[in-house]
Amino acid sequence: MPELPEMENYKKLLTNKIIGKTIIDIEVNREKSINTSSTDFIQELRGKQIVKIDRRAKHLIFRLSSGKNLLLHLMLGGWMYIGNDNDSPNRTKQVILSFQDIKLYFIGLRLGYLHMLDENDLVTKLSDLGPEPLDPSFTFENFQDIFQSRRGKLKTTLIDQKIISGIGNCYSDEICFEAKIKPTITVNSLGKDRLFSLYNSIQTVLRNAISLGGYMEEPLYLGDQLTGGYNSHLLVYDREGKECRRCGGTIVKIELSFRKCFYCPDCQKVDIGLI
DNA sequence: AGGGCAACCCGGACGC
DNA sequence: TGCGTCCGGGTTGCCC
C-alpha cells in the first residue's frame with residue numbers, strides 16, 4: 001500500500017509531468033471517490049492549472065490555480081498512471097484528469113479519495129497528523145520525547161499517523177529490521193541507544209526507499225524505470241519463510257494489532273529492551 | 001492511553 | 001468463458 005516513499009515518488013515524478021498544465025477535461029466514474037457532485041467537481045477543475053504538488057504524510061495535495069486544493073489519499077490499493085488511452089493499464093479508472101497532451105488516471109480508489117478543499121478545510125482535515133519523519137525539524141529529541149511518553153507496541157506506534165505520519169505496514173517492518181528491534185516490544189522499554197538506532201533507521205529506510213522509487217511496482221508512465229525499485233530491496237515485508245539477507249535465518253509472519261507483521265527472529269531478538 | 005473491534009469499499013483473484 | 005464468492009487493508013470512531 002502506498003506509504004510516504006511511494007507518495008513522495010509520485011510527487012516528484014508528477015511534478016515533472018504536469019506542473020503548469022491546464023486541466024481541459026475531467027471524467028468521474030465513481031462519485032464516492034470525490035466529495036462534491038460530479039458536476040461541481042468538473043466545473044471547479046476545468047480550465048484550472050496544477051501549480052504545485054505537496055505531500056503530507058500519505059496524502060498528495062494538488063494545488064490549483066483557483067486557490068483550491070485536491071487532496072488525494074490512495075488508501076488500500078490505489079495508484080496512478082499518467083499517459084494516454086493507448087498505453088494506460090486495462091483497469092477501472094475512478095477519476096481521469098485530461099491535460100492537453102496527457103491524462104492522469106486514478107486507479108483502485110476503493111476507500112481512497114480525491115477531495116476538493118479550500119485552504120481552511122485542508123488544514124482542518126490534516127490537523128491530526130503527527131510530524132513528518134523526514135522533516136529537518138523532526139529531531140531525535142522530538143522523537144525521544146514522543147516515544148518515551150508512549151506505552152504501545154513498537155510497530156503499532158510507528159504506524160499510528162497521529163504519532164508520526166507517513167509510515168505504514170511495510171516500512172514499519174523494514175524500519176524495525178534495520179534497527180534490529182522486535183516489532184512487538186513496548187516502546188517505553190526502549191533505552192536511549194535503541195531509540196537513537198530506531199530514529200536513524202526511520203531516516204535511512206524512508207530516504208533509501210524514496211531514492212529507489214518506493215516498493216509499489218506499477219509504473220507511473222510508459223518507460224518509467226524508477227517506480228517500484230525498492231521492491232527488490234525489501235528485507236522482511238512479505239518475505240515469510242524466506243531467508244534473512246543479513247543472518248541467513250528465516251523471516252516469520254505474525255499478527256500484531258490485526259496487521260501482518262514480518263520480522264527475523266534471529267536478527268531482531270530484543271523484546272525486553274534495557275539498553 | 002491503549003487495545004479490541006467493526007465499518008467502510010469493490011476490483012480482482014480464485015474456485016468451480 | 002462465466003459466474004459467484006471472498007479477501008485485502010488504512011482510517012475512523014466507538015467502547016472498555
Side-chain angles (χ1 to χ4, degrees), chain A residues 1-10 27-35 38 55-61 71-81 88-96 105-115 117 121-133 144-176 182-190 206 209 214-218 231 234 236-240 253-262 271 273:
Chain A
M1 302 303 109
E3 305 177 26
L4 187 154
E6 287 68 41
M7 299 314 282
E8 188 66 24
N9 180 59
Y10 275 142
E27 188 176 321
V28 178
N29 298 315
R30 181 176 174 268
E31 290 264 349
K32 283 180 180 177
S33 296
I34 61 176
N35 61 332
S38 291
R55 181 190 59 75
R56 177 74 175 100
K58 302 176 191 171
H59 305 263
L60 282 194
I61 304 159
L71 179 67
L72 170 70
H73 197 309
L74 293 172
M75 295 282 263
L76 316 163
W79 52 290
M80 289 180 275
Y81 186 82
S88 71
N90 183 24
R91 297 286 179 85
T92 308
K93 292 125 179 175
Q94 284 76 26
V95 181
I96 305 171
Y105 303 89
F106 295 88
I107 305 163
L109 297 184
R110 296 177 200 174
L111 299 177
Y113 54 82
L114 195 56
H115 285 181
L117 299 168
D121 289 342
L122 180 69
V123 170
T124 305
K125 176 100 183 173
L126 302 177
S127 62
D128 284 340
L129 290 170
E132 285 288 329
Q144 198 177 8
D145 287 346
I146 293 169
F147 265 50
Q148 282 180 342
S149 67
R150 293 275 159 183
R151 290 177 291 131
K153 293 186 166 62
L154 175 54
K155 180 185 172 78
T156 315
T157 307
L158 283 172
I159 60 181
D160 188 331
Q161 300 300 296
K162 294 184 183 67
I163 301 172
I164 302 176
S165 64
I167 299 169
N169 210 37
C170 170
Y171 291 106
S172 57
D173 286 353
E174 296 298 317
I175 288 164
C176 291
K182 197 170 170 180
T184 53
I185 190 173
T186 51
V187 293
N188 65 350
S189 65
L190 291 165
L206 295 182
Y215 82 95
M216 287 179 49
E217 294 186 84
E218 298 288 354
N231 192 52
L234 293 175
V236 283
Y237 185 72
D238 234 356
R239 298 196 67 241
E240 183 188 18
K253 178 171 111 175
I254 60 166
E255 187 178 285
L256 181 57
S257 308
F258 302 99
R259 291 160 181 282
K260 287 189 295 184
C261 174
F262 301 89
D271 56 15

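Just so it is clear, the values below take in all heavy atoms, side chains as well, and ignore hydrogens, waters and symmetry mates.
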Colleague: If I take atom NZ in residue A/Lys155 and atom C1' in nucleotide B/dG2, what distance separates them, rounded to the nearest angstrom?
Modeller: 17 Å
Colleague: Starting at NZ of A/Lys125 and ending at C1' of C/dG10, how long is that distance when rounded to a whole Å?
Modeller: 12 Å
Colleague: Distance alone, cut at 3.5 Å: any donor-acceptor contact between the side chains of A/Lys93 and A/Ser88?
Modeller: yes
Colleague: Mind jotting down which residue pairs meet the salt bridge (charged side-chain N to carboxylate O under 4.0 Å, His left out) criterion with at least one end in residues 154-174 of chain A? Sequence neighbours excluded, please.
Modeller: A/Lys155-A/Asp173
Colleague: Hey, what do you get for CD1 (A/Ile159) to CD1 (A/Ile167), rounding to the nearest 0.5 Å?
Modeller: 9.5 Å
Colleague: Look up atom CD in A/Gln94 and atom CZ in A/Arg91, then write down how far apart they are to the nearest 0.5 Å.
Modeller: 11.0 Å
Colleague: Considering just the side-chain nitrogens and oxygens of A/Lys260, establish if one lies under 4.0 Å of OP1 or OP2 belonging to C/dG9.
Modeller: yes
Colleague: Check whether any side-chain nitrogen or oxygen of A/Lys58 sits under 4.0 Å from OP1 or OP2 of C/dG10, and answer yes or no.
Modeller: no
Colleague: Measure from CG on A/Leu109 to P on C/dG10 and round the result to the nearest Å.
Modeller: 16 Å
Colleague: Is A/Arg150 close enough to B/dA1 that one of its side-chain N or O atoms is under 4.0 Å from OP1 or OP2 there?
Modeller: no
Colleague: Between C1' on C/dG9 and OH on A/Tyr237, what's the gap in Å once rounded to a whole number?
Modeller: 9 Å
Colleague: Give the minimum heavy-atom separation between A/Ser165 and A/Leu4, together with the two atoms involved.
Modeller: O-CD1, 4.0 Å
Colleague: Aromatic rings A/His73 and A/His59: how do their planes relate, parallel, tilted or perpendicular, breaks at 30° and 60°?
Modeller: perpendicular
Colleague: Between A/Ser257 and A/Leu76, name the one whose nearest nucleotide on DNA chain B is closer to the 5' end.
Modeller: A/Ser257
Colleague: Side chain of A/Arg259, heavy atoms from C-beta onward: which of C/dT11, B/dA1, B/dC9 has the nearest atom to it?
Modeller: C/dT11
Colleague: Using a cut-off of strictly less than 4.0 Å, decide whether A/His73 has a side-chain nitrogen or oxygen near OP1 or OP2 of C/dT11.
Modeller: yes
Colleague: Is any side-chain N or O of A/Arg30 closer than 4.0 Å to OP1 or OP2 of B/dC10?
Modeller: yes
Colleague: When the distance from CG of A/Leu111 to P of B/dG11 is rounded to whole Å, what number comes out?
Modeller: 12 Å
Colleague: What pairs of nitrogen or oxygen atoms, one from the protein and one from nucleotides 12-14 of chain B, lie under 3.5 Å apart?
Modeller:
{"unit_1": "B/dG12", "atom_1": "OP1", "unit_2": "A/Arg91", "atom_2": "NE", "d": "3.1"}
{"unit_1": "B/dG12", "atom_1": "OP1", "unit_2": "A/Arg91", "atom_2": "NH1", "d": "3.4"}

Colleague: How long is the line joining CG of A/Leu129 and C1' of C/dG10, in whole Å?
Modeller: 12 Å
Colleague: By the 4.0 Å heavy-atom rule, please label A/Met1 as base, sugar-phosphate, or nothing.
Modeller: sugar-phosphate
Colleague: Do side-chain atoms of A/Gln148 reach the backbone of A/Asn188 as a donor and acceptor pair under 3.5 angstrom?
Modeller: no
Colleague: For the helix from B/dG2-C/dC16 to B/dC16-C/dG2, figure out the bend between the end axes, five pairs an end, and round to 10 degrees.
Modeller: 40°
Colleague: A/Met75 has an atom CE; how far is it from atom P of B/dC9, in whole Å?
Modeller: 11 Å
Colleague: What are the two closest heavy atoms between A/Met75 and A/Pro2, and how far apart are they?
Modeller: O-CD, 3.7 Å
Colleague: A/Tyr215: which residues meet the ring-ring contact (aromatic ring centres under 6.0 Å, His included) condition with it, sequence neighbours left out?
Modeller: A/Tyr171, A/Tyr237
Colleague: Shortest non-hydrogen contact from A/Arg55 to A/Leu60?
Modeller: CB-CD2, 3.8 Å
Colleague: Looking at A/His115 and A/Tyr113, what are the two nearest heavy atoms and their distance?
Modeller: NE2-CB, 3.5 Å
Colleague: Which heavy atom of A/Cys170 sits nearest a heavy atom of A/Leu234, and at what distance?
Modeller: SG-CD2, 3.7 Å
Colleague: What nitrogen or oxygen pairs link the protein and nucleotides 14-16 of chain C at under 3.5 Å?
Modeller:
none

Colleague: Any donor and acceptor pair, going by atom type alone, linking the side chain of A/Asn169 with main-chain N or O of A/Lys260 inside 3.5 Å?
Modeller: yes
Colleague: Which heavy atom of A/Pro89 sits nearest to which heavy atom of A/Ile107, and what is that distance?
Modeller: CG-CD1, 3.7 Å
Colleague: Give, ordered by number, those residues of residues 160-170 of chain A having at least one heavy-atom distance below 4.0 Å to an atom of DNA chain C; if nothing qualifies, reply none.
Modeller: A/Gln161, A/Asn169
